[in-house]
Chemist: 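Attaching a single structure in structure tokens format; questions to follow.
None of these values were measured; they are calculated from a predicted model. We're numbering straight along the sequence, starting at 1.
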Amino acid sequence: MKILFPLLLTLILAAPALFGADESARVAIKNKSSFNLDAGTRNPFSPIGWKPTGRVASGSGGTSQGEVPPGAFVVSTITVDGATHFAIINGKSMQEGQQFGLQIGTQIYQVMVKRIEDGQVILTRTNEEIVVPLRRK
């Protein structure tokens, strides 16, 4: 009995191969799906009412004219220690006098950190001053 059960199980599992069973039919893909967003359209996977903030561009690209809204900046931390002032703006550590590129859509704006104060950061772009308060949660 001990030998009969493993032998019977092996025979059942090997039966399709022994009797020449056909291979399973392959599934052919007719239409491969894709997902492309046009510039300026809302991502359907983002929460309703969520507005993307501008992000800091890694390189210094071309500049364009126009106003930069204060909502494009998120100041999450400000450190004021004697003569050194640091702020985390859009997830990047910045200090006074530092210049960076802010990308909104396809445009890159050159912005400079003019002054870091307790509770707010003052940024400049051309002749425009942008006051961004510290976001407290």
Chemist: Indicate the atoms forming the closest heavy-atom contact of Gly101 with Ile108, along with that distance.
Modeler: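 Closest heavy-atom pair between Gly101 and Ile108: CA-CG2, 4.1 Å.
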Chemist: If you define the side chain from C-beta out and look only at heavy atoms, does anything of Val75 sit under 4.5 Å from Asn90?
Modeler: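 In short, these two side chains do not touch, never coming nearer than 4.5 Å.
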Chemist: Examine the side chains of Glu117 and Gln120 and answer whether a donor and an acceptor come within less than 3.5 Å of each other.
Modeler: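 Distance-only check passes for Glu117 and Gln120.
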Chemist: Are any of the side-chain heavy atoms of Gln99 and Gln110 separated by less than 4.5 Å?
Modeler: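 In contact.
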Chemist: Is there a path of hydrophobic side-chain contacts, each under 4.5 Å between heavy atoms of I, L, V, M, F, W or Y residues, that connects Val131 with Ile116?
Modeler: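 Different hydrophobic clusters.
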Chemist: Locate the shortest heavy-atom distance separating Ala87 from Val121; write the atom from each residue and the value.
Modeler: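 In this case the closest contact between Ala87 and Val121 is CB-CG2, 3.8 Å.
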Chemist: What's the separation between atom OG in Ser76 and atom CG in Leu134, rounded to the nearest 0.5 Å?
Modeler: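 Reported to 0.5 Å precision, the distance equals 7.5 Å.
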Chemist: What's the spacing between Ile89 CD1 and Gln98 CD if we round to 0.5 Å?
Modeler: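 Here the rounded value is 8.5 Å.
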Chemist: Are the side chains of Phe73 and Leu102 in touch, meaning some heavy atoms are under 4.5 Å apart?
Modeler: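 Yes. Closest side-chain heavy atoms under 4.5 Å.
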Chemist: Quick one, Val113 and Ile122 - any side-chain contact, counting heavy atoms below 4.5 Å?
Modeler: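 The answer is no; the side chains never approach within 4.5 Å.
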Chemist: Hey, what do you get for NE2 (His85) to CG (Asp118), rounding to the nearest 0.5 Å?
Modeler: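 So the NE2 of His85 and the CG of Asp118 are separated by 10.0 Å.
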Chemist: Can you tell me how far apart CE (Met112) and OG1 (Thr126) are? Round to the nearest 0.5 Å.
Modeler: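 Between atom CE of Met112 and atom OG1 of Thr126 there are 11.5 Å.
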Chemist: Taking the side chain as everything from C-beta on, heavy atoms only, tell me whether Val111 gets closer than 4.5 Å to Thr124.
Modeler: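 No. Closest side-chain heavy atoms not under 4.5 Å.
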Chemist: Pro6 and Thr10: which non-hydrogen atoms are nearest, and at how many Å?
Modeler: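 Where Pro6 meets Thr10 most closely, the heavy atoms are O-OG1, 2.7 Å.
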Chemist: For residues Ile29 and Val27, determine if any side-chain heavy atom of one lies less than 4.5 Å from a side-chain heavy atom of the other.
Modeler: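 Result no, sub-4.5 Å side-chain heavy-atom pair not found.
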Chemist: What distance separates Met94 CE from Phe100 CZ, expressed to the nearest 0.5 Å?
Modeler: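 Reported to 0.5 Å precision, the distance equals 5.0 Å.
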Chemist: Does one hydrophobic cluster hold both Ile130 and Tyr109, with members joined at side-chain heavy-atom distances below 4.5 Å?
Modeler: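 Cluster IDs for Ile130 and Tyr109 match.
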Chemist: Taking only Lys NZ, Arg NE, NH1 and NH2, and the carboxylate oxygens of Asp or Glu, determine whether Glu129 and Lys114 approach each other closer than 4.0 Å.
Modeler: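 Looking at Glu129 and Lys114, the cut-off is met.
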